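Worksheet for the structure shown next.
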Amino acid sequence: MLYVVMAFLWVAILLYLLMGGADFGAGIIELFTTKKNQERTRRTMYRAIGPIWEANHMWLIIVIVILFVGFPTIYTTMSVNLHIPLVGMLLGIIARGTAFTFRNYDAVTDELQVVYNRIFMYASCVTPLFLGIIAGSAVSGKIDSAAGNYLDAYIFSWLNFFSVAVGLFTVSICGFLASVYLIGETENEQDVQRFKTKARTTNIAAAVAGTLVFIAAKLDGVPLAEWLFGNAVGVAAIATAMVSLALLWYLLSKGKKIIIRVLAGFQVTMILLAITYQHFPNIVLLKGGQYLSLTDGSAPEKTIYTLAMALLIGSLFILPALFYLVYDFQHKKIVVSKPKKNA
């Protein structure tokens with residue numbers, strides 16, 4: 001049952017990156033859209049993320065619950081040593097969700113609408129940035145659980161070149177996913193071309209940020225190249241990701257909206273697989289060569305069994321409901337209310 005729980009943990013992380021990442025990316029795309037086209041982008045975004053913009057955080061909640069119940073040592077270490085970026089990410093989620101709701105449903109003035117828009121767009125960038133920083137910190141080897149001062153324990157554990165580079169890479173990946181997904185959410189040819197251009201631009205940005213991650217890994221002593229190319233699974237994952245990327249660029253000009261979505265999600269999946277496979281099941285790498293393992297640091301067997309059964313049974317109810325939610329909203333016309341102007 002332990003491997004069932006670990007499988008749910010990995011899949012939940014992946015789905016939050018794919019679905020929640022595209023959700024965040026919609027705000028990133030809006031931020032880097034000209035004012036002339038922002039309203040049209042906003043309408044397309046509402047139609048795309050409206051069904052699941054709040055349900056996306058279910059995957060994050062599942063990750064937290066699995067760590068809290070099944071792997072308490074890992075949960076405690078990350079929540080204590082990385083509490084600053086964790087709080088930053090959670091505040092970003094709250095601010096973004098609040099602004100998304102208020103700017104759509106609240107009867108506001110133009111001035112307040114501008115404030116809501118800015119909060120939504122900036123929070124859409126800040127949240128995945130902190131998410132990436134947390135992920136990078138977990139494997140950077142910078143977390144010092146025996147630190148004797150505040151800076152080493154709570155600042156330098158995440159404020160380092162590698163973690164920040166991973167954060168920037170995560171932001172660019174979110175923008176790339178959103179651009180690809182949004183291509184299929186509009187029938188306006190001009191908008192389709194705009195999102196295609198943004199998909200190419202954000203993909204280039206992701207490549208640049210990825211290069212920065214490798215540079216940072218070299219400077220900070222993180223064996224990233226060994227993780228990716230030191231085993232057959234990593235090499236195969238990266239190779240197939242590169243092939244699918246070339247195919248995606250080709251199909252962008254062919255109007256294959258569904259296939260390019262699948263390819264974009266496949267690339268992110270392969271990247272996550274390549275990074276995590278080599279040091280699995282060591283999910284947190286600590287300073288000094290120590291690590292926290294999913295197998296060694298798990299809860300008692302009875303707890304793991306109960307957690308696994310809860311996840312298996314819960315998925316029988318949650319997944320069909322989620323699929324129906326998406327289906328139902330995709331077949332409804334979402335009406336976006338406009339703010340009222342001052343009399």
Side-chain angles (χ1 to χ4, degrees), residues 2 5-6 8-10 12-14 16-17 20 24 57-97 123 126-171 213 216-217 220-224 227 272 275-276 279-300 303-304 306-307 311:
L2 178 59
V5 173
M6 288 191 290
F8 268 95
L9 177 63
W10 194 88
I13 293 172
L14 174 63
Y16 188 65
L17 183 58
F24 296 134
H57 299 305
M58 172 186 69
W59 307 114
L60 178 61
I61 294 171
I62 290 175
V63 171
I64 294 173
V65 170
I66 290 176
L67 291 177
F68 180 78
V69 176
F71 311 97
T73 302
I74 295 174
Y75 175 86
T76 301
T77 300
M78 294 189 67
S79 60
V80 171
N81 290 87
L82 303 179
H83 72 275
I84 293 177
L86 279 168
V87 169
M89 184 185 74
L90 293 176
L91 289 176
I93 291 174
I94 295 170
R96 184 179 182 276
V126 169
T127 306
L129 175 65
F130 278 122
L131 178 63
I133 287 175
I134 293 167
S137 301
V139 298
S140 67
K142 301 294 184 182
I143 297 178
D144 188 359
S145 56
N149 60 79
Y150 184 87
L151 290 178
D152 288 338
Y154 308 123
I155 301 298
F156 298 140
S157 59
W158 61 272
L159 190 57
N160 53 76
F161 190 14
F162 177 75
S163 298
V164 173
V166 174
L168 294 174
F169 179 69
T170 305
V171 172
V213 170
D220 283 356
V222 180
L224 180 61
W227 294 345
L272 183 62
I275 293 173
T276 56
H279 55 81
F280 176 84
N282 304 328
I283 190 174
V284 178
L285 307 181
L286 302 173
K287 194 171 185 178
Q290 297 177 316
Y291 56 83
L292 298 178
S293 172
L294 291 171
T295 53
D296 298 336
S298 61
T303 302
I304 292 296
T306 304
L307 178 59
L311 291 169

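The first residue of the sequence shown is numbered 1, and numbering continues consecutively from there. The structure displayed is predicted, hence computed values, not measured ones.
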Drop me the distance from [X]'s [atom1] to [Y]'s [atom2], to the nearest 0.5 angstrom.
{"X": "Phe156", "Y": "Asp144", "atom1": "CZ", "atom2": "CG", "answer": "12.0 Å"}
{"X": "Ile84", "Y": "Ile155", "atom1": "CD1", "atom2": "CD1", "answer": "3.5 Å"}
{"X": "Leu129", "Y": "Leu168", "atom1": "CG", "atom2": "CG", "answer": "6.0 Å"}
{"X": "Tyr16", "Y": "Phe24", "atom1": "OH", "atom2": "CZ", "answer": "3.5 Å"}
{"X": "Ile64", "Y": "Leu86", "atom1": "CD1", "atom2": "CG", "answer": "8.0 Å"}
{"X": "Leu311", "Y": "Thr306", "atom1": "CG", "atom2": "OG1", "answer": "11.0 Å"}

Residue pair [X] / [Y], side-chain heavy-atom distance below 4.5 Å:
{"X": "Ser140", "Y": "Asp220", "value": "no"}
{"X": "Leu60", "Y": "Ile93", "value": "yes"}
{"X": "Phe71", "Y": "Val5", "value": "yes"}

Sequence neighbours excluded, every pair satisfying side-chain hydrogen bond (donor to acceptor under 3.5 Å, both in side chains) that has a member inside residues 147-161:
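Every pair satisfying side-chain hydrogen bond (donor to acceptor under 3.5 Å, both in side chains) with a residue in residues 147-161: Asn149-Asp152, Asn160-Ser163.
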
side-chain hydrogen bond (donor to acceptor under 3.5 Å, both in side chains): pairs with one or both residues in residues 73-89, sequence neighbours excluded
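Listed by first then second residue: nothing to list.
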
With sequence neighbours excluded, residues passing side chain to side chain contact (heavy atoms under 4.5 Å, CB included) with [X]:
{"X": "Pro223", "value": "Glu226, Trp227"}
{"X": "Ile283", "value": "Leu9, Ile74, Leu294"}
{"X": "Ala138", "value": "Met78"}
{"X": "Ala123", "value": "Ala95, Arg96"}

Compare every heavy atom of [Y] with every heavy atom of [X], then report the nearest pair and how far apart it is.
{"X": "Val213", "Y": "Ala165", "result": "CG2-O, 3.5 Å"}
{"X": "Thr170", "Y": "Pro128", "result": "CG2-O, 3.5 Å"}
{"X": "Ile143", "Y": "Val284", "result": "CD1-CG1, 4.1 Å"}
{"X": "Ser145", "Y": "Leu286", "result": "OG-CD1, 4.3 Å"}

Leu272 and Trp10: CA distance, side-chain angles, deciding distance, side chain to side chain contact (heavy atoms under 4.5 Å, CB included) verdict
CA-CA 9 Å; Leu272 183 62; Trp10 194 88; 3.9 Å; yes

Around Phe280, counting heavy atoms of other residues, nucleotides and ligands shown, do more than 12 lie under 6.0 Å from its CZ?
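Correct, the count exceeds 12.
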
Taking CZ in Phe68 as the centre, count heavy atoms belonging to other residues, nucleotides or ligands within less than 6.0 Å. Is the count above 12?
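Counting other residues, nucleotides and ligands, CZ of Phe68 stays at 12 neighbours or fewer.
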
Using the side-chain hydrogen bond (donor to acceptor under 3.5 Å, both in side chains) criterion, which residues pair with Thr295? Sequence neighbours excluded.
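Residues passing side-chain hydrogen bond (donor to acceptor under 3.5 Å, both in side chains) with Thr295: Ser293.
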
Listed partners of Ser298 passing side-chain hydrogen bond (donor to acceptor under 3.5 Å, both in side chains), at least two apart
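Ser298 satisfies side-chain hydrogen bond (donor to acceptor under 3.5 Å, both in side chains) with no other residue.
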
Got a sec, which residues hit ring-ring contact (aromatic ring centres under 6.0 Å, His included) with Trp59, two or more places apart in sequence or on another chain?
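Listed in chain order: nothing, the list is empty.
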
